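Just so you know, these numbers come straight off a predicted model, no measurement behind them.
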Amino acid sequence: MFLQLCLTILLISSISGSSLEYDGWLHINLYHAIDKDLPDKFTPRGNITISSLNSGSFTMVQEPLSNNERLKIKKLAESDSMYRLKAVVSGQNGEEYNFLTYSRACALAASQLKDVLWVSLNHVGHVLGVSQTIYGTGNCRDQSHFQQVDALEEFNTDVVVKHTELAPIPDTASFIQKMEREREARERGDVKDNRGFLAKYWMYLLPVVVLVLLSGASNPEGGAAR
C-alpha cells in the first residue's frame with residue numbers, strides 16, 4: 001500500500017512537470033525616476049516584449065530622451081544619487097507584478113547609458129525578479145564622461161532571461177522498492193546479520209566500559225594501597 005501511494009505521487013509529479021514544457025511570453029513596461037527633487041516620480045522609459053521564455057528572444061522599444069531628461073540624468077550622476085527603475089510585468093495569465101531595481105546614476109552615465117536587464121524565472125515560468133546591471137565598472141570619479149550623455153538619444157539596453165536550474169531529482173521509486181524488498185525479507189527471516197560481536201553489541205558494552213573507567217578514576221588512592 002505504501003509503495004503504491006508513493007508511486008502515485010511520483011506519477012502525479014511527473015505529469016505536472018510535463019505541463020511546464022510549454023513556452024510562454026511576457027510584456028514589461030519600464031519606468032524610471034530621474035528627477036533628483038522628486039525621487040518617487042516615475043516616467044515611461046520603454047517596453048519589452050519577450051516572445052519566447054525558452055529562447056529569451058525579445059523586442060524592445062525605448063523612449064527617446066529629451067534634453068530635459070538628459071539633464072536630469074546628469075544631475076543624478078553628479079550628485080551620486082541612485083537611478084531607480086521600475087518594471088511592470090504582465091504575462092499570459094493577465095496578472096501584473098511590479099519590480100524595483102537600483103543602480104548608481106554616475107555608473108550609468110559613465111557607461112553611456114548601457115545596461116542589462118535580467119529577468120529571472122522559476123521552473124514554471126513565473127517571474128521572480130527584474131534587476132539591472134551596468135556595463136563596465138562605471139568610473140564615477142571621472143565626471144567628464146557625464147557630459148557625453150548630452151549626445152545620447154536613448155538607453156542602450158540588453159535583456160537576459162535567466163531560468164532557475166533545478167537540482168537533480170533522486171531516484172525515489174528505486175529507493176522505495178529497495179526498502180520494500182528489505183522489509184519483506186526481514187519479515188520472512190531471510191536477512192542474516194553477519195556483523196561481528198562488537199559491531200552488534202557495542203551499545204550495550206559502552207556503558208559498562210565507561211562505568212569502569214569512571215570508578216577507577218574516582219578512587220586512585222585505593223588502587224595504589226592494594
Do Ile28 and Ile50 touch side chain to side chain, with heavy atoms closer than 4.5 Å?
yes
Is a donor from one side chain sitting under 3.5 angstrom from an acceptor on the other, for His123 and Thr164?
no
For Gly24 and Gln92 the tightest heavy-atom approach is CA-OE1, 2.7 Å
Verify whether one side chain among Ser90 and Glu96 offers a donor that lies under 3.5 Å from an acceptor in the other.
no
Specify the closest pair of heavy atoms between Leu26 and Gly91, including all atoms of both residues, with the distance to one decimal.
CD2-CA, 4.0 Å
Output for pair (Arg104 CZ, Leu76 CG), nearest 0.5 Å, gives 12.5 Å
Do you know which two heavy atoms are closest between Asp150 and Lys74, and how far apart they sit?
OD2-NZ, 3.0 Å
Is there a side-chain contact between Asn156 and Leu113, using heavy atoms and a 4.5 Å cut-off?
no
Under a 4.5 Å side-chain heavy-atom rule over Ile, Leu, Val, Met, Phe, Trp and Tyr, are Met82 and Phe42 clustered together?
yes
Taking NZ, NE, NH1 and NH2 as the nitrogens, is one of them in Lys36 or Asp80 under 4.0 Å from a carboxylate oxygen of the other?
no
Indicate yes or no: does Asp40 engage Arg84 in a salt bridge with an N to O separation below 4.0 Å.
yes
Given 3.5 Å as the limit, does a donor-acceptor pair link the side chain of Glu69 with the main chain of Ser66, or not?
yes
Quick one: CG on Leu53 to NE2 on His163, what's the gap to the nearest 0.5 Å?
6.5 Å
If you round to the nearest 0.5 Å, how far is OG1 of Thr43 from CG of Leu30?
11.0 Å
Which heavy-atom pair separates Pro44 from Glu63 by the least distance, and what is that distance?
O-CG, 4.0 Å
With hydrophobic residues grouped by side-chain heavy-atom distances under 4.5 Å, do Leu152 and Ile34 end up in a single group?
yes
Gap between atom OG of Ser81 and atom CG of Asp37 - 0.5 Å precision
9.5 Å
Taking all non-hydrogen atoms of both residues into account, name the closest pair between Ala107 and Ile134 and its distance.
O-CG2, 3.5 Å
Can you list everything that forms a ring-ring contact (aromatic ring centres under 6.0 Å, His included) with Phe155? Sequence neighbours excluded, please.
His32, Tyr83
Nearest 0.5 angstrom please: Leu117 CG to Asp115 CG, how far?
5.5 Å
Kindly check if the number of other-residue, nucleotide or ligand heavy atoms within 6.0 Å of CD (Gln148) is above 12?
yes
Please check if the side chain of Asn47 supplies one atom and the backbone of Met60 the other of a donor-acceptor pair under 3.5 Å.
no
Go through the steps for Val159 and Val116 under the test side-chain contact (heavy atoms from CB on, under 4.5 Å), then give the verdict.
CA-CA 6 Å; Val159 178; Val116 183; over 6 Å; no
Any chance the side chains of Ser57 and Ser51 put a donor and an acceptor closer than 3.5 Å?
yes
Sub-3.5 Å donor-acceptor pair from the side chain of Thr101 to the main-chain atoms of Gln132, do we have one?
yes
So, taking the atom named CG in Asn29 and the one named CD1 in Ile48, what distance separates them when rounded to the nearest 0.5 Å?
9.5 Å
Between Phe99 and the options Leu85, Val130, Val88, the side-chain contact (heavy atoms from CB on, under 4.5 Å) test singles out Val130
So do Val119 and Phe58 actually touch side chain to side chain, heavy atoms under 4.5 Å?
no
Any heavy-atom pair between the side chains of Tyr31 and Arg45 that's under 4.5 Å?
no
So with a 6.0 Å cut-off around CH2 of Trp25, is the heavy-atom count from everything else above 12?
yes
For Gln62 and Thr157, the nearest pair of non-hydrogen atoms, with its separation, is NE2-OG1, 2.7 Å
